[in-house]
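I'd like to ask you about the structure that follows.
What you are looking at is a predicted structure, and each value in this text was computed from that prediction instead of being measured. In what follows, every chain begins at residue 1, and chains take the letters A, B, ... in the order their sequences are listed.
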Amino acid sequence: MSALRLVVRRLLASTPLLFLTSALTFVLVSLVPGDPARTIAGQHSTAEQYQLIRDRLGLDQPLPVQYWNWLTQAFHGDLGSSLFSGEAVTSILSNRLPVSLSLILASTVVSGLAGVALGLLSARRGGVLMRLVDGLATLGLAAPPFWLALLVIEVFAVTLRWFPVTGYVPLEENPGGWAGSLVLPVTSIALGAVAIIAKQTRDSVLDTMNKDFIRVMQANGFSPRSILYRHILRNAALPIVTVLGVLMVSLLGAVVFVETVFAMPGIASLTQQATIQHDIPVIQGAVLYITVFVIVVNLAVDLAYVRLDPRVRTS
Amino acid sequence: MSVISRHRAAAGLLSVALVTASTAACGGQASGAGGSDTLTVISGTAPATLDPVKANVGSDNWFVNLAYDTLLRLGPDGEIQPGLAEKWGYVGENNKVFDLTLRADAKFADGTPVTARAVADSLNYARKNGLNSATWSSAIDSVTATGPLTVRVRCATPHPVLPMLLNQIQLMGSVISPKGLADPSKMGSASFGAGPYVLDSAQSATGDHYTYTPNPNYWDKSRIHWKKVVIKVVTNPSSGLDAVKTGQADLIPVIANQADTAKTSGLAVINAPIAFVGVNLADRDGTLAEPLGDVRVRQALNHAVNRQAITQAVFREYGQPTAQLSLPGLDGYVSDYDNRYPYDPERAKKLLAEAGYPDGFSLRAEVQGVNGFDLVPQAVFQQWKQIGVTVNVVTDTTVGGFLANATSKTFPALGFAYGGLPTYLTSLDWMLPHTSAFNPFASKDDKLTAMLAEAAAAPESKQAGLYRNAMRYVVDQAWFVAVARQDNIYAYNDKKLTGVTVAPGYLPDLAWTVAPK
Amino acid sequence: MTTTKTRPALARRLLRRPSAVIAVAWLVTLTAASLGAPLIAAHGPLDQDLTQVLALPSAAHPLGTDSLGRDLLSRLLYGGQPALLAVAEALAVHLVVGAGLGLVAGYLGGWVDHLTTRIGDLLFALPAIVIVLVVLSVFPGNLHAAMVTFGVLGSPSMIRVLRSRTLGIRQEMYVAAARVSGLSDAQILRRHVLPRLTSTVIVQAALFSGVAVIIQAGLGFLGLGAQPPAPSWGGLVADASQVIDRDPWMLVPAGVPLVLTVIALMALGDAIRDTAVENWSVSKLAASGPVAPPPVAEEMAEETAGTSRAPDPDALLSVRDLTVEIGGVPVVQGVSFDVMPGETLGVVGESGCGKSVTALGVLGLVPGGGRVVRGRVVFDGVDLVGSPEGLARVRGSGIAYVSQDPMVGLDPTFTVMAQLAEAVRRHLGTTREQARERVLELLAMVGVPDPPSVARRHPHQLSGGLAQRVLIALALAGRPRLLIADEPTTALDVSVQKEILTLLHTLQRRTGIAVLIVTHDWGVVATLCHRSLVMYAGQVVEQADVEPMFVRPLHPYTAGLLAANPHQAVSGHPLVTIPGAVPPPRDWPVGCRFAARCPHAADDCRAAPVALVQPEQARLTRCLHFEELVDEGVRR
């Protein structure tokens with residue numbers, strides 16, 4: 001099937017997901033005790049002020065009505081404004097999107113490159129390196145990102161002072177600073193991810209090495225370099241790409257913690273914070289963005305499949 | 001680190017330090033500090049909003065004060081100084097009528113003059129829409145312009161501390177321009193004040209960093225010390241301090257655990273009492289927990305607490321044991337009442353036995369799960385165990401949840417952290433029969449109410465004595481177990497900055513006094 | 001293998017792995033210590049010593065104390081209780097939902113499978129952590145709700161794995177048989193499917209538990225788990241982060257046990273998987289340890305065998321005493337033969353006799369990590385054994401190789417043109433353009449219709465016959481002098497088989513290429529070969545020109561194979577088969593390896609290794625009683 005048709009079909013199939021997550025979030029958030037009006041009003045306001053805030057936020061309307069209002073607005077590109085700062089949700093999110101995307105993309109690139117390299121190496125050398133990758137994989141997966149983040153801060157930022165402790169430097173402001181500000185957070189996130197990719201790479205490379213066509217190539221004198229880098233890697237790439245896609249989505253979890261510890265103004269920490277404040281429009285918007293992100297990642301994986309595997313392309 | 005975010009401070013003037021300890025999960029930090037004409041400070045939380053009357057007193061003051069001048073100004077010595085108003089004072093007896101005379105040369109940043117009309121409109125907007133001092137301004141009946149530069153505040157009941165309400169600490173005195181009042185929703189992202197600086201939206205990112213540049217129309221150019229003031233939001237206390245240590249920023253509120261680190265890395269550290277923490281015995285009528293209805297039980301709970309040990313453990317030298325709700329230098333402070341309830345478990349047990357609870361009892365309590373806020377109540381509950389009182393603790397991780405629970409009358413005891421205020425303001429929250437998060441059962445004590453009414457209407461010279469009596473009375477009645485007063489601590493680069501001062505009830509004044517060395 | 005035996009065996013083998021032992025020991029210790037915290041811990045989790053705040057480890061507080069002087073060891077142990085409970089809850093939900101749905105979907109198939117897969121995909125696309133956060137704000141501080149949610153959201157991975165495993169098992173014969181024999185679905189699931197899924201489920205469960213430990217600690221860290229002052233693992237990390245400026249030490253007791261627990265769970269999962277995999281893959285060839293090779297009668301072979309020990313200088317390929325081991329087990333022993341220029345040699349035998357290993361051994365490409373341990377492979381005067389350079393020079397341009405199943409013999413991700421052109425350029429060093437032309441020539445040469453169109457296709461777009469032609473073209477790309485064809489027709493339809501044989505025949509006549517063809521089909525031997533080699537249990541048992549061998553086999557095995565040849569079956573008579581099966585390498589007997597299946601076997605056969613003898617010119621047999629066969633043949 002053509003790439004375009006795949007994209008269209010995928011996007012159509014994703015629409016229910018968007019509805020489902022937004023409706024689900026809406027219902028869940030509305031169940032949250034301690035309504036936002038109470039939080040906004042604080043403790044030095046009067047009962048009338050509290051009711052006024054409720055009216056203004058439309059909290060007394062039936063839930064389906066509230067959701068419908070949100071939905072119709074969302075269709076027009078208006079995701080409402082934060083119940084607290086009054087700032088437009090789209091503007092809050094677009095401020096924060098680059099941070100989370102930088103983290104996730106940088107972590108994915110790092111774990112993709114380092115993981116594939118390590119995996120290849122351990123597949124070829126075996127023995128000690130293989131054990132090392134296994135060990136690193138286990139350690140990387142086992143160390144909670146929030147703890148790892150604290151540890152790398154303590155060691156590399158506070159003690160050694162190699163990298164900034166916190167914060168995010170926008171790319172357009174200072175590319176060097178941007179990269180520097182990502183090193184430690186990405187380390188905390190990517191250690192486990194590198195390990196996962198390395199393991200997957202090794203397994204699928206070993207798997208591919210045992211395929212008949214590789215033996216045919218070896219027997220017929222294809223160059224070992226070409227066999228490894230052209231044929232084995234390309235065939236092993238499919239499961240690696242799948243895992244990379246899954247990883248990108250699951251990195252969101254680690255990003256929540258890492259954004260918190262490194263004080264980076266990203267979407268993941270925004271979601272968590274908005275959840276606590278019951279800032280419904282912000283939660284809705286953030287979940288919407290995250291869902292779209294998940295859809296885009298899955299789409300990218302599918303497109304990579306089409307690119308890599310002619311069987312998908314022509315079936 | 002906890003997740004409580006940019007919350008509405010749990011008390012009127014809650015220290016920035018406390019809020020820092022709460023480490024919100026938002027915000028971040030921009031690029032490195034600017035040159036010598038740029039002031040970069042760290043805030044532990046992002047402002048709830050930039051609307052002066054909705055912002056949090058304490059944690060959001062810097063964000064508001066830079067762009068909004070207040071009618072009056074509080075000095076570090078506790079003296080009220082002129083601000084946008086040159087002259088002020090009560091008219092007649094009973095502290096019910098208050099007149100202000102504005103300076104003639106003040107202009108808003110947009111160039112329009114600060115008129116009595118504009119001031120009255122701004123104050124009325126604050127009374128109606130303000131969230132940070134609605135309770136404290138509830139006595140005010142009307143605010144009117146009585147001339148081009150004169151404003152009159154009329155109160156329904158005596159309000160003895162209006163000057164305290166209209167300075168830069170309580171934000172309701174921040175004067176908002178007519179343009180701002182025309183569309184208040186715009187105040188979230190732009191400033192509409194008559195302060196020395198204006199918010200530069202282009203160089204700011206909500207929740208991350210806020211940049212202020214000088215206001216060309218400011219009436220006193222000598223107050224403008226910086227070409228640029230940047231407030232960075234860094235929610236992780238360690239990270240924030242490190243930013244100052246490495247020169248990325250110049251000034252930061254820190255927590256007690258950080259003070260030594262700050263000192264050893266060559267920063268200046270200053271501190272002053274700011275708030276008190278402890279457990280509020282809210283159910284004084286014994287509605288939910290019958291034992292609390294007996295004053296002997298409440299006193300026993302006070303005697304069972306080793307304030308010295310808790311204070312030392314939690315705050316180290318940045319806190320002092322106390323049993324009252326006032327700070328040295330404030331009107332209700334009774335110096336010998338810090339030790340009104342010496343640690344004496346035997347006596348506590350005896351009191352419990354006298355009240356009919358020789359084996360103790362159990363009760364539910366709610367604490368706010370913000371680190372630093374819940375440590376002291378936890379320690380208290382643990383010590384109560386020694387006299388047989390067991391506490392089932394519910395820890396709220398959200399401010400909304402805490403407030404909802406606190407006012408739901410389901411918890412007889414509540415952990416608290418409350419900023420030091422003139423006793424009149426404190427009494428509105430704690431001692432008078434109004435439902436509030438600090439008096440959810442609207443406990444009523446006629447004698448106390450009468451004492452407070454007398455004090456509120458008294459001439460200034462007599463107020464302090466009367467309020468001290470009220471404080472003694474309420475502490476004797478043991479309506480709460482105050483444990484310690486806690487310091488507000490700041491670390492800053494004293495090679496670059498001068499004029500950084502902190503005092504009880506006073507925050508470093510970025511707008512006026514923090515200057516390059 | 002029956003199920004009742006498997007599990008204890010699995011557990012026993014598992015405990016042979018040190019990593020598994022350490023992991024289990026840690027998990028058991030931790031669980032016991034957490035559950036028995038009241039008995040073990042010297043302090044209560046809330047007991048505060050305000051004079052010992054943030055103390056470093058000491059005799060009184062082995063791990064130090066926290067901000068209120070509470071004992072960290074005690075808080076760690078007590079905090080283990082909610083942590084373990086939370087993980088158990090999530091795991092239970094995960095197992096019920098994930099394993100249940102996966103099993104049902106894989107077993108029932110149809111719309112149930114379709115629906116389950118869709119739901120799984122949907123769940124998979126949800127940002128789990130965000131949903132958990134939202135759920136937690138609905139049920140503040142309710143770790144149970146959070147972990148149940150997480151168990152559900154984490155189930156798609158389990159669903160996927162179990163579904164495909166179940167699907168595979170369902171399709172296996174014996175389940176079909178069980179269904180026929182009247183067992184209910186539930187019984188089949190319980191008796192036949194579930195036992196084989198156990199290790200898969202355990203592996204998945206261990207991995208999931210590791211993640212669940214981290215998640216529950218993460219929620220605690222964010223202040224959303226167990227409520228202070230109650231101890232929790234995540235809360236300890238949060239506490240540590242609060243005092244990091246004053247007491248970095250606290251990060252250690254707060255984090256290390258957490259990390260160790262997850263590592264233990266993962267190591268356990270890995271160990272179970274490895275153990276289970278090892279269990280499945282004990283094949284005829286690879287065993288779990290080296291065995292002593294059964295003795296061979298080589299000294300006799302030298303004296304009597306027609307092929308001398310020295311390689312034949314006239315031969316194109318001269319193999320001597322080739323011995324190959326896989327996993328320390330000899331699978332081919334003392335094989336010697338020659339291939340003359342332009343000659344076709346057939347290697348015949350049942351599967352498992354070492355034919356393919358011999359063929360690949362010539363190319364130095366023994367599968368399964370095996371290696372040539374002895375012998376010589378002289379091609380064109382160069383010994384290839386232990387000579388990577390020699391092999392590299394010979395492969396493709398001296399000796400080429402065609403594999404058994406053409407459908408998997410080509411790289412599925414490249415076009416025919418790309419693969420052939422790569423081979424051409426590699427061997428002939430031509431330009432890109434020349435290579436393309438040569439590819440089309442090659443394709444025409446192997447009888448591919450419309451070469452340009454076929455060249456553009458990917459392997460999956462080729463039929464089996466076409467793919468085999470392409471493979472042959474690939475083999476011919478380097479103008480080799482010897483073609484090794486490993487059962488080149490086995491995987492093809494009968495009609496196509498003929499075409500390929502004809503093609504090989506034609507090619508050989510036209511180019512004079514020598515062919516070594518591995519087969520179990522006498523028809524192939526009859527059509528193509530000049531000489532034939534019969535292998536049994538890793539040894540050559542007979543060698544002769546094709547015609548004499550067909551007419552008068554001198555080894556009972558050859559005779560048996562010939563009798564079983566479907567081409568020679570007389571219609572109306574049942575096909576004769578050789579009773580029994582080829583013994584796996586581990587079970588090779590000392591004496592004649594065919595004795596167990598041989599109608600002529602006597603005691604002397606079993607007593608000692610049997611040597612190859614040369615009963616007549618250009619014939620070899622490894623049989624003590626070949627005369628009996630001759631007589632029999634005469635009688636017949």
*Which one, C:Val402, C:Asp486, C:Leu360, leads in non-hydrogen pairs under 4.5 Å with chain A?*
C:Leu360
*Is it the backbone or the side chain of C:Val256 that comes under 4.5 Å from a heavy atom of chain A, or both, or neither?*
both
*Return the minimal non-hydrogen interatomic distance between C:Val262 and A:Ala142, and the atom names on each side.*
CG1-CA, 3.4 Å
*Rounded to the nearest 0.5 Å, what's the gap from CZ on A:Phe213 to CG on C:Leu471? Could you check?*
12.0 Å
*asked:* To the closest 0.5 Å, what do you measure between OG (A:Ser223) and CZ (C:Arg425)?
replied: 11.5 Å
*Is there a donor-acceptor pair under 3.5 Å between the side chain of A:Trp147 and the backbone N or O of C:Val237?*
no
*Please tell me if the side chains of C:Leu258 and A:Pro144 come closer than 4.5 Å, counting only heavy atoms from C-beta onward.*
yes
*Find out whether the Lys NZ or Arg CZ of A:Arg234 is both under 6.0 angstrom from the six-membered ring centre of C:Phe414 and within 45° of the ring's axis.*
yes
*asked:* Walk me through whether A:Leu151 and C:Leu251 qualify under side chain to side chain contact (heavy atoms under 4.5 Å, CB included).
replied: CA-CA 8 Å; A:Leu151 207 65; C:Leu251 268 182; 4.0 Å; yes
*Kindly compute the distance separating CG (A:Asn235) from OG1 (C:Thr413), expressed to the nearest 0.5 Å.*
4.0 Å
*Between CD1 on residue C:Ile484 and CG on residue A:Asn220, distance to nearest 0.5 Å*: 10.0 Å
*Identify the two heavy atoms, one from C:Leu474 and one from A:Phe222, that lie closest to each other, and give their separation to 0.1 Å.*
CD1-CZ, 3.7 Å
_Quick check for you: among C:Ala254, C:Ser397, C:Ser403, C:Ala217, which has the greatest number of heavy-atom pairs under 4.5 Å with chain A?_
C:Ala217
*Flag the one option from A:Asp212, A:Thr208, A:Val297 with the top tally of heavy-atom pairs under 4.5 Å to chain C.*
A:Asp212
_Checking A:Arg230 now: which residues fulfil salt bridge (charged side-chain N to carboxylate O under 4.0 Å, His left out) with it, not counting sequence neighbours?_
C:Glu422
_Which atoms of C:Ala392 are under 4.5 Å from chain A, going by heavy atoms: the side chain, the backbone, both sets, or neither?_
neither
_Any residue meeting side chain to side chain donor-acceptor pair (under 3.5 Å) with C:Ser209, in chain and number order, not counting sequence neighbours_ = none
*Between A:Phe257 and chain C, which part of the residue has a heavy atom less than 4.5 Å away: side chain, backbone, both or neither?*
side chain
*Relative to chain A, which segment of C:Gln419 carries a heavy atom at a distance below 4.5 Å: side chain, backbone, both, or neither?*
both
_Within this structure, what is the CG-CE distance for the pair C:Asp411 and A:Met217, rounded to the nearest 0.5 Å?_
4.5 Å
*Just give me the residue among C:Pro412, C:Ala400, C:Gly210, C:Gly364 that pairs up with chain A most often, heavy atom to heavy atom, under 4.5 Å.*
C:Pro412
_Side-chain heavy-atom pair C:Val408, A:Lys211 within 4.5 angstrom cut-off_ = no
*asked:* Just checking C:Arg393: does its CZ atom have more than 12 heavy atoms from other residues, nucleotides or ligands closer to it than 6.0 angstrom?
replied: no
*Could you tell me which portion of C:Ile399 (side chain, backbone, both or neither) has an atom closer than 4.5 angstrom to a non-hydrogen atom of chain A?*
backbone
*Pick from C:Gly398, C:Pro459, C:Ala267, C:Gly409: which one has the most heavy-atom pairs with chain A under 4.5 Å?*
C:Gly409
*List the atom of A:Ala219, the atom of C:Leu363, and the distance in Å for their closest heavy-atom pair.*
CB-CD1, 3.8 Å
_Backbone N/O of A:Gly221 and side chain of C:Arg426: donor-acceptor pair under 3.5 Å_ = yes
